[in-house]
Structure formats: C-alpha cells, structure tokens
Trainee: 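Okay, here's the structure, questions in a sec.
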Amino acid sequence: MMDAAPVGILGGTFNPIHVAHLRLGLELGQTLGLGQVRFIPAGTPPHREAPRVEGRHRLEMVRLAIADNPLFEVDDREVRRAGPSYTFDTLTELRSDFGARPLCLLMGADAFSALTTWHRWEELFDLAHVVIVHRPGFPLGEMQAALPAALRKAYLQRLVQDAANLRIAAAGSVLIREVTALDVSATRIREMLGRGLSARYLVPDAVLGYIERNHLYKEPDAG
Ligand code: ATP
C-alpha cells in the first residue's frame, strides 16, 4: 500500500540546492522505498549564520529543481513560519499531518554529528527515524567516535541495519546508508559564483537560470 510508505524529509538551507541533495533524495527514495521525499528549506536556521539569500529565493530554487520528479515534494512551512526553523516543530506538525505513517529524517553525517545543538534533539527520535548518509569529507568512523556521549548512546541503541525497520514503526530507528559520493557543497558553489565561475552541472539548469535572473551570489561569500 503505497500510501503507507515512509515519508522522507530532507531539511537544509538549500543555499542553493545542488545535485548532491537531489541524488541523496532520489537514491534513498528508491532504496528505502519512500513514498515521497519532502524538501523543506529552513527559513531562519537556528544553528548557523542566517543565509543572506532570502527564504523565498531558496524555496523557489528548490521548487524549480524538483519540479519534474513525482517522488519529490517541496514544503514551504519553515520559510512561512516566523522565528527560528526548529526541526522539532516541523516534525511535530508533520506527525500530526501524517498520523502513524513512518517519517524518515534524512541527513548527511556532518549534520548528524551536530545533532545535540538542535532544539529538543532527543525528542526527534520519538517523531521520526533518522537516516544518515555518507558525505565526502565527513568519515563515518570518525563521526561516530566524536559524537557527544548522550548522542552516541542514543545512536547505538537505535542503530539498525535492515530498512524494513523503517516500516515496522513510525519513528525511533537510526539507519546508515551510502549514496553516490558527490563532493559538492553549497558553500563552494556560492564561492564559485561569487568569483564569476560557472556552477553548471552542479545545480540544475533551471536553478542556474533563477540565480542569474535574480542576481544571486554575485559577491564573494554572498550567501
Ligand atoms: P552549506 O555548504 O551552505 O553548508 P550544504 O551543501 O551542506 O550547504 P545544506 O542545505 O546545508 O547543504 O544540506 C542539507 C542536507 O543535505 C544536510 O543534511 C547535509 O548533510 C546534506 N548534504 C549536503 N550536501 C551533501 C553531500 N555532498 N553529500 C551528502 N549529503 C549532503
């Protein structure tokens, strides 16, 4: 029953969205049998300096990037919400929207290693499964060894190998998955564009067109 397939959630600043985000969504969508992957751009991310490019632009770039993929959805709730974009609030809302359907929070190893800085991080596991993906430059072995004790404990208690666990319960498991390793980051894309270099093939053409039309990332570190 496809309606009950887990919902993948990919949050980020998407400043701008790039090919590694899209591959990550596609590959996990297929290999984990997700019913959809929701891209949720952060409005005001609490953990980092606010992106200089407004939420409405980052949202529109996500919209353009995913438009032709029926597996992908864009979710504008964090850009619309006033105040900091807490994943806890987003998952609470999604839990009420989706009832008992499994939710899977998808994130790179870099994001997971900083999880204890997130608002009410321990409760995130009650709201969703967490799927951690390999990211070039962030070796998982080192990530695991460096986790703060409370997070390492939660991680080890919840770690499962079999993706079937994502369907058995609505939340609570941690899974690690490899996706095609793409050493692409939005930071480097912003730097390239700021120096007048092309970001073609790193972001979809429709996103590039939007960046050009709206004169985004013109200055070095204009993100
Ligand atoms: P920035 O360079 O501005 O920090 P970013 O490229 O890391 O941006 P985000 O929007 O911060 O992109 O990332 C959203 C999510 O996608 C995070 O969970 C992050 O770990 C993951 N992600 C981003 N790039 C990659 C990549 N190349 N490989 C695997 N995961 C990635």
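Each ligand, and each atom within it, is numbered from 1 in the order the structure gives.
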Trainee: Give yes or no for whether the N/O distance cutoff of 3.5 Å, strictly under, is met between H18 and ligand 1.
Mentor: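 There is such a contact, yes.
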
Trainee: Would you call L64 and P204 a side-chain contact if the rule is heavy atoms closer than 4.5 Å?
Mentor: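 The answer is no, as the side chains (C-beta and beyond) never meet within the 4.5 Å cut-off.
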
Trainee: Against ligand 1, does G11 come closer than 4.0 Å with any heavy atom?
Mentor: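 So G11 counts as touching ligand 1.
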
Trainee: Please report the C-alpha distance between R120 and D126 in whole Å, then the side-chain angles of each, then the deciding distance to 0.1 Å, and finally whether the salt bridge (Lys or Arg N to Asp or Glu O under 4.0 Å) criterion is met.
Mentor: CA-CA 11 Å; R120 301 178 74 166; D126 301 329; over 6 Å; no

Trainee: Number the atoms of ligand 1 from 1 as they appear, then name those within less than 4.0 Å of a heavy atom of D110, with their elements.
Mentor: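 Close to D110: 19 (C), 20 (O).
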
Trainee: Report the part of H134 (side chain from C-beta onward, or backbone N, CA, C, O) that has a heavy atom under 4.0 Å from ligand 1; answer both or neither where that applies.
Mentor: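 Within the 4.0 Å criterion, H134 contacts ligand 1 through backbone atoms alone.
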
Trainee: If you count the atoms of ligand 1 from 1 in the order shown, which ones are under 4.0 Å from a heavy atom of R190?
Mentor: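 Close to R190: 3 (O).
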
Trainee: How does V179 reach ligand 1, if at all, at less than 4.0 Å between non-hydrogen atoms: by side chain, backbone, both, or neither?
Mentor: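 None of V179 does.
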
Trainee: Is there a side-chain contact between I132 and R177 (heavy atoms, below 4.5 Å)?
Mentor: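 No. Closest side-chain heavy atoms not under 4.5 Å.
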
Trainee: List the atom pairs, with distances to 0.1 Å, where a side-chain N or O of residues 106-115 and a protein N or O form a donor-acceptor pair under 3.5 Å, not counting sequence neighbours.
Mentor:
unit_1: D110; atom_1: OD2; unit_2: R135; atom_2: NH1; d: 3.0
unit_1: S113; atom_1: OG; unit_2: A109; atom_2: O; d: 3.4
unit_1: S113; atom_1: OG; unit_2: D110; atom_2: O; d: 2.8

Trainee: Suppose I only count heavy atoms of M107 and a 4.0 Å limit; which atoms of ligand 1 are within that range?
Mentor: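 This gives 18 (O) as the contact atoms.
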
Trainee: Evaluate F14 for polar contact with ligand 1, using N/O atom pairs at a separation under 3.5 Å.
Mentor: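 Yes, F14 has an N/O under 3.5 Å of an N/O on ligand 1.
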
Trainee: Do the side chains of V160 and L166 get nearer than 4.5 Å, heavy atoms only?
Mentor: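 No, too far: nothing below the 4.5 Å cut-off.
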
Trainee: Under 4.0 Å from a heavy atom of T187: give me the atoms of ligand 1 that qualify, with their elements.
Mentor: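 It comes down to these atoms of ligand 1: 1 (P), 2 (O), 3 (O), 4 (O).
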
Trainee: Decide whether an N or O pair under 3.5 Å exists between H21 and ligand 1.
Mentor: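 H21 vs ligand 1: N/O contact under 3.5 Å present.
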
Trainee: Enumerate the atoms of ligand 1 whose separation from the nearest heavy atom of G12 is less than 4.0 angstrom.
Mentor: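 Numbered from 1, ligand 1 contributes 10 (O), 14 (C).
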
Trainee: So for ligand 1, is V184 a polar contact partner (N or O within less than 3.5 Å, distance only)?
Mentor: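 Yes, there is a polar N/O contact under 3.5 Å.
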
Trainee: Please confirm whether L182 comes under 4.0 Å of ligand 1, counting heavy atoms of the residue only.
Mentor: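 Yes, that is the case, since the closest heavy atom of the residue is under 4.0 Å from the ligand.
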
Trainee: Of the choices R58, R135, R188, E191, which has the non-hydrogen atom that lies closest to atom 5 (P) of ligand 1?
Mentor: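 Nearest option to atom 5 (P) of ligand 1, by heavy atoms: R135.
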
Trainee: Between L22 and H18, is any pair of side-chain heavy atoms under 4.5 Å apart?
Mentor: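 They are not in side-chain contact.
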
Trainee: Ignoring hydrogens and geometry, is there a side-chain-to-backbone donor-acceptor pair from R167 to A5 under 3.5 Å?
Mentor: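 Not confirmed, R167 side chain does not pair with A5 backbone.
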
Trainee: Decide whether S85 and R77 meet the rule of one side-chain donor and one side-chain acceptor closer than 3.5 Å.
Mentor: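 Distance-only check fails for S85 and R77.
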
Trainee: Given G137, A186, P136, which has its nearest heavy atom closest to atom 8 (O) of ligand 1?
Mentor: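 Ranked by closest heavy atom to atom 8 (O) of ligand 1, first place is A186.
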
Trainee: Are the charged groups of E73 and R63 less than 4.0 angstrom apart, N to O?
Mentor: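 A salt bridge is absent here (no side-chain N lies under 4.0 Å from a carboxylate O).
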
Trainee: Could you work out, with side chain to side chain contact (heavy atoms under 4.5 Å, CB included) as the rule, every residue matching H134, not counting sequence neighbours?
Mentor: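 Partners of H134 by the side chain to side chain contact (heavy atoms under 4.5 Å, CB included) criterion, ordered by chain and then number, come out as L140, I176, E178.
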
